[in-house]
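Here's the structure we're looking at; comments come further down.
Reminder, nothing fancy here: chain letters follow the sequence lines and each chain counts from 1. Hydrogens, waters and symmetry mates are skipped; everything else that's a heavy atom, side chains included, is used.
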2 protein chains.
Amino acid sequence: MPTARCQLGIGSRPQLSLGEVRMVAKFVQIADELRARVRERQYAEGTVLPRQSELATEFDVNVNTVSAALKLLEREGLVQSRRSQGTVVLPQIPLRKVGMDRYSRRRWERPTEAEDGAPYMDERGWQPAAQSTEISIEPATEEMAGRLEIDEGEDVVRRARVIRDARGTVTHTLVSYYPHRIAKGTLLMSEEQGPAGHGGAFRVLTDLGHEPHSINERLHARLPDGDEAQSLEMGIGEPIVEMRRRTYDGSGVPIEYAIGLHRASRFQWNYTFNVPE
Amino acid sequence: MPTARCQLGIGSRPQLSLGEVRMVAKFVQIADELRARVRERQYAEGTVLPRQSELATEFDVNVNTVSAALKLLEREGLVQSRRSQGTVVLPQIPLRKVGMDRYSRRRWERPTEAEDGAPYMDERGWQPAAQSTEISIEPATEEMAGRLEIDEGEDVVRRARVIRDARGTVTHTLVSYYPHRIAKGTLLMSEEQGPAGHGGAFRVLTDLGHEPHSINERLHARLPDGDEAQSLEMGIGEPIVEMRRRTYDGSGVPIEYAIGLHRASRFQWNYTFNVPE
DNA sequence: TTTTATTTGTCCGTATGTATT
DNA sequence: AAATACATACGGACAAATAAA
């Protein structure tokens, strides 16, 4: 039965009646209430929320208003709505802490440690559950030529990966580019995910005489376009973090350029450094 | 006159008719079209777009559909809608490149260089136009005590700033916390923005025998809550980047903890480091 | 100062499409 | 085939914020 658990702190029919109090739209108030319920486990992880029409009855609003509230929560990464399936509470996965030490030499120098291929292993030992790789060879665009300091049109190896967590949710995509003259005929061009995972890639590059030495990372948070949203299997409106990484060998030659698209709600980026001169 | 410039690539009345083609909602198509017009300067920066009802007529859709499209563009940071004022195209400001060298010692060690107080100066010499500061002394919460490695309840100096660009738009907020035993009676507690701007703070800390030595920064992109959106003068739904910074002196003692909230569409975060051992 | 017009924001009720179950 | 549940869209109503009269 429609238990009127929560009365929105607002008046009767005529829109929002608020005096000097800041006016807050109904759909925001409903989102706040639902968010609270998720946080206090009234709606547990994996649960399917009551359907929109039920929530509408409970809060005494129109279905559209509930829908707007749920879209807000969906953009926050808290729930996910699917046609004909309802709205499920997503598992409250702790933020994946992405630190500089994921590139640590010991992570990839000793193949026996069986840690290779885990580009985003954090303190808790998380590692990706699934990863699909797609390799191709392309002529360098003008931009890519600049990034890799090669000639425009020269071949580059493109290595595109989609990384999912244990539940099958896409957490991020990563596209790496290597100069073909470095990568050709090596494991970098294998579609196996094993040795040529990220750590493995570093090892391969080392074997080729291009040991990774320094890294530049740029982060920018934004909304995805339609294609990006589709490749990440998320809605537009949910923010992503674009990471661009350039890796140099000891002599300052760029050996890799990578573009990652990360579901913003899943990652925390961690950098430690000394105050520069 | 309603010049039907752009026909949405969709059928007649019955919703979206799409066969094998990926179905794209009308409001997304309209957003795409409007975004393109902004990019090709058909709608220049600072321009007020045609009102929603006009756009609705042009695209032959309902006003609500146009409204949804504009909300999408607003979340992208491309336009801003205001009641009774219309929708203006925001200036296409290049991303502010926030690098580690904003903490460079030379930036704050020599007061004569007149660069002090510019926490986010980038290669192009950008600096904040306005900055309002609010100082208070508070007992440390449990979290803050942990961050600053002091006792819970011990006093901390809280220094909250709102930074705007030259046009008066809030770009970010920054709240710094210092142990009171370090900061008391110093310029850190002055509300003047001059010497106690960021660079200045570092100089003051150096004078106090706590020269900043290393820094840890954590970034996380997400949507703001209502209060945060208000303090940044932006809408909920537009992503922000939360930065948490801990600064240590040479002996590893935390001397500052700061929380920044940044309009995501304005910043690019830049880190360079060597591959760790 | 008060009133009026303009424009967007929110919400409602309704209808229909789409994807599952 | 039918029921389910969300997604999108429409048209109408009114409120809120601001500008203009």
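- Closest approach to the B/S81 side chain among D/dC6, C/dC12, C/dT8 is made by C/dT8 (side chain taken as heavy atoms from C-beta onward).
- Counting only residues at least two apart or in different chains, salt bridge (Lys or Arg N to Asp or Glu O under 4.0 Å) contacts with residues 39-50 of chain B comprise B/R41-B/E45.
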Could you go through nucleotides 17-21 of chain D and list every protein N or O atom that sits under 3.5 Å from one of its N or O atoms, giving the distance for each pair?
unit_1	atom_1	unit_2	atom_2	d
D/dA17	N3	B/S84	OG	3.4
D/dT18	O4'	B/S84	OG	2.9

Side chains of residues 77-84 of chain B: which donor-acceptor pairs under 3.5 Å do they make with residues two or more places apart or in other chains?
unit_1	atom_1	unit_2	atom_2	d
B/S81	OG	B/T87	OG1	2.8

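- A salt bridge (Lys or Arg N to Asp or Glu O under 4.0 Å) with A/R263 is found for exactly one of A/E228, A/E233, A/E238, namely A/E238.
- Using cut-offs of 30° and 60° on the angle between ring planes, the pair A/F267 and A/H262 is perpendicular.
- C/dG13 atom P lies 15 Å from atom CD of A/Q52, rounded to whole Å.
- When distances are taken from the side chain of A/R51 to each of D/dC10, D/dT8, D/dA5, the shortest belongs to D/dA5.
- Scored by the salt bridge (Lys or Arg N to Asp or Glu O under 4.0 Å) test, B/E242 finds B/R222, B/R244 as partners (sequence neighbours excluded).
- What separates CZ of B/F59 from C1' of D/dA9 is a distance of 16 Å, to the nearest Å.
- Comparing C/dT10, D/dA9, C/dT7 by their closest approach to the side chain of B/A25 singles out D/dA9.
- Annotation: of the two residues near DNA chain C, B/T87 and A/F27, the 5′-most nearest-nucleotide partner is B/T87.
- A/R35 is linked by a salt bridge (Lys or Arg N to Asp or Glu O under 4.0 Å) to A/D32, A/E76, counting only residues two or more places apart in sequence or in another chain.
- In this structure, the CG atom of A/L55 is 13 Å from the P atom of D/dA7, given to the nearest Å.
- Take B/R75 and apply the salt bridge (Lys or Arg N to Asp or Glu O under 4.0 Å) test, not counting sequence neighbours, and it matches no residue.
- The distance from atom CG of A/N62 to atom P of D/dC6 is 14 Å, rounded to the nearest whole Å.
- Contact annotation: B/K26 reaches the phosphate of D/dC10 (side-chain N/O to OP1 or OP2, under 4.0 Å).
- The partner of D/dA13 is C/dT10, judged by Watson-Crick or G-U wobble contacts that both fall below 3.5 Å.
- Considering only side-chain atoms of B/N64, the nucleotide from D/dC6, D/dG11, C/dC12 that sits closest is D/dG11.
- Following rounding to the nearest Å, A/D60 (CG) and C/dC11 (C1') show an atom-to-atom distance of 12 Å.
- The NZ atom of B/K71 sits 17 Å away from the P atom of D/dA7 (whole-angstrom rounding).
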